[in-house]
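Order of listing sets the numbers, starting from 1, for every ligand and every atom in it. Everything numeric in this text was worked out from a predicted model, so none of it was measured.
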Amino acid sequence: MEWTREKRYLKYKDWDAQTLLNLQTQAATSAYQMHYHVHPLSGLINDPNGFSYYNGEYHLFCQSYPFGPVHGVKSWIHFASPDMVHWRYLGQAINPDSDVDNAGAYSGSGFVHDGQLLLAYTGNHRDENWVRTPYQVIARMDKNNKIVKDTDPIILPPEHVTEHFRDPQLFEHNGKYYIILGAQDKETKSGKIDIYKSDDLKNWHEVGYLDFSNENMGYMIECPNLVFVNDQPVLIFCPQGLDKKIADYDNIYPNMYLIGKNIDLAKAKFTPVQKAPKNLDDGFDVYATQAFNAPDGNAYAISWVGLPDCTYPTDNENWANTYSQVKRLEVKDNKLYQHPLKAIESLRMDHVAYSNQAHLTDHASSQYELKLSIKRNQAGKLVLNADTSMQTGLVLDFKTGDSSRLIIDRSNVGPKVNPDYGEQREVLLDPNKDLDLDIFVDGSLCEIFINNGAHVATLRFFADPENQTISFDHDIDYDADFWKMMPIM
Ligand code: FRU
């Protein structure tokens with residue numbers, strides 16, 4: 001089936017219910033589906049949106065195209081949760097059914113104000129000649145989860161940006177309201193973060209581009225996101241076309257961050273503690289991470305596990321992509337750590353402890369957590385989701401000595417995933433330490449928390465579901481705990 005533009009932009013009301021039901025069944029019954037992570041009910045999901053705490057629950061919205069594995073006309077779908085682990089699906093939230101968002105309700109954020117959850121998003125408007133105008137729009141959700149869009153956009157694109165001006169994050173800082181947006185400067189065609197300010201959430205004035213680096217940040221910045229972590233500002237963003245000499249990365253587009261000494265939003269100045277941005281994730285597939293400051297004092301982040309302009313093996317099952325688990329952020333000694341939530345432990349069942357034996361199991365199941373401490377001064381391979389003869393599998397090749405490192409190799413585990421961007425990722429580790437790994441596997445998703453969240457590597461891999469062997473390639477000195485994980489939905 002060919003995904004022509006006409007087809008991708010067909011109005012939602014022009015699709016029939018049976019087609020949608022078939023797509024939902026196909027996604028739900030796929031052997032590669034996730035069962036304890038937010039995943040598509042049908043079609044494609046991309047960026048997390050509106051991640052927030054409102055009315056006694058956590059809320060999460062997702063960019064969604066429900067009718068196929070393509071970036072068609074986007075809407076927001078809604079999930080809510082008491083603990084950011086058990087999510088329930090609440091259906092379509094913002095549909096592309098107004099003039100301002102006729103070609104998609106694009107990414108944005110959630111902000112609680114006056115008893116409502118304000119959802120700031122980009123209305124992707126296209127005229128009859130397919131010329132795009134990005135409008136920044138507010139939709140309001142009440143305590144019954146009913147969402148109504150404001151009639152007028154709050155921000156029109158300024159003269160000095162191209163049509164690439166989107167992904168508003170709305171927040172309050174020092175008694176003023178701010179919106180930061182991803183932008184492409186018209187004159188230099190370079191990626192920027194633009195700041196707007198308001199006293200009343202109605203009248204918005206441009207402050208200007210955020211000064212956060214002396215380097216050129218590529219041709220576009222998507223999904224800029226500012227959070228405060230242990231009192232330090234952390235800027236998360238997706239620079240497209242970034243020169244690898246400025247900051248190295250392997251994915252088609254990186255999701256990066258900078259930790260700040262401080263930020264003066266009114267003066268549009270962010271002073272970073274480090275020179276170059278760093279990859280937020282050391283794996284293959286993380287993009288568009290959204291974090292927010294929750295009322296409990298923590299900053300939480302969730303990532304799209306998928307990349308723009310890439311394809312995945314489930315495209316031929318008509319669905320695509322998934323989300324990471326929610327990660328709690330921490331800054332210590334000017335370093336960023338990402339931790340699994342305590343609440344995810346509530347999914348653990350069937351505990352088994354292992355120690356030093358090379359072979360762990362042939363029946364790991366498709367949903368498990370494996371937590372290991374590999375003692376220092378060793379080298380070897382841990383193979384996950386292998387066949388019993390260990391001919392194929394996801395390989396974690398480690399060395400824990402003076403030049404400690406972990407190589408994650410997905411070259412020999414089922415159908416290839418975007419091999420043009422490499423099939424291995426290397427994480428350099430603190431030398432002469434034990435290697436602590438907390439590995440979460442859910443269907444075709446793997447998340448590896450390394451050394452207590454000093455690194456996270458997230459990836460998709462498409463092992464034959466029958467292949468459930470976990471084994472080292474030889475005897476290794478380690479301790480491990482293994483659990484099967486319960487489904488959440
Ligand atoms: C990032 C992105 C955003 C945009 C959204 C559209 O993945 O391109 O910039 O708002 O996806 O779905």
Worksheet item: Which residue holds the protein heavy atom closest to atom 6 (C) of ligand 1, what is that atom called, and what is the gap in Å?
Response: Gln63 OE1, 3.2 Å
Worksheet item: For ligand 1, is there an atom lying under 4.0 Å from some heavy atom of Thr122?
Response: no
Discussion item. Distance alone, cut at 3.5 Å: any donor-acceptor contact between the side chains of Gln92 and His78?
Written reply: no
Worksheet item: Is a side-chain donor or acceptor of Tyr253 paired with a backbone partner of Leu242 at a separation under 3.5 angstrom?
Response: no
Worksheet entry | Short N or O distance, Tyr287 and ligand 1, threshold 3.5 Å exclusive | no
Worksheet item: To the nearest 0.1 Å, how far is atom 8 (O) of ligand 1 from its closest protein heavy atom, and which atom is that?
Response: Glu222 OE2, 2.8 Å
Worksheet item: Sub-3.5 Å donor-acceptor pair from the side chain of Arg140 to the main-chain atoms of Leu118, do we have one?
Response: no
Worksheet item: What part of Ala288, side chain from CB on, backbone N/CA/C/O, both or neither, has a heavy atom under 4.0 Å from ligand 1?
Response: neither
Item to complete: Could you tell me the separation between the CD1 atom of Ile263 and the CG atom of Leu210, rounded to the nearest 0.5 Å?
Response: 5.5 Å
Discussion item. Within the 3.5 Å criterion, strictly below it, is a donor on Gln18 or Asn22 matched to an acceptor on the partner's side chain?
Written reply: yes
Worksheet entry | Atom pair CZ (Phe440) and CE (Met34), whose distance is rounded to the nearest 0.5 Å | 16.0 Å
Worksheet item: When only distance counts, is Ser107 in polar contact with ligand 1, meaning an N/O pair under 3.5 Å?
Response: yes
Item to complete: Determine, considering heavy atoms only, which of Asp167, Leu307, Asn46 sits nearest to atom 9 (O) of ligand 1.
Response: Asp167
Fill in: Contacting atoms of ligand 1, where contact means under 4.0 angstrom from a heavy atom of Asp47
1 (C), 2 (C), 3 (C), 4 (C), 5 (C), 7 (O), 11 (O)
Worksheet entry | Contact (N/O only, under 3.5 Å) between Trp304 and ligand 1 | no
Fill in: Check: Asn293 side chain, Phe228 main-chain N or O, donor-acceptor pair, under 3.5 Å
yes
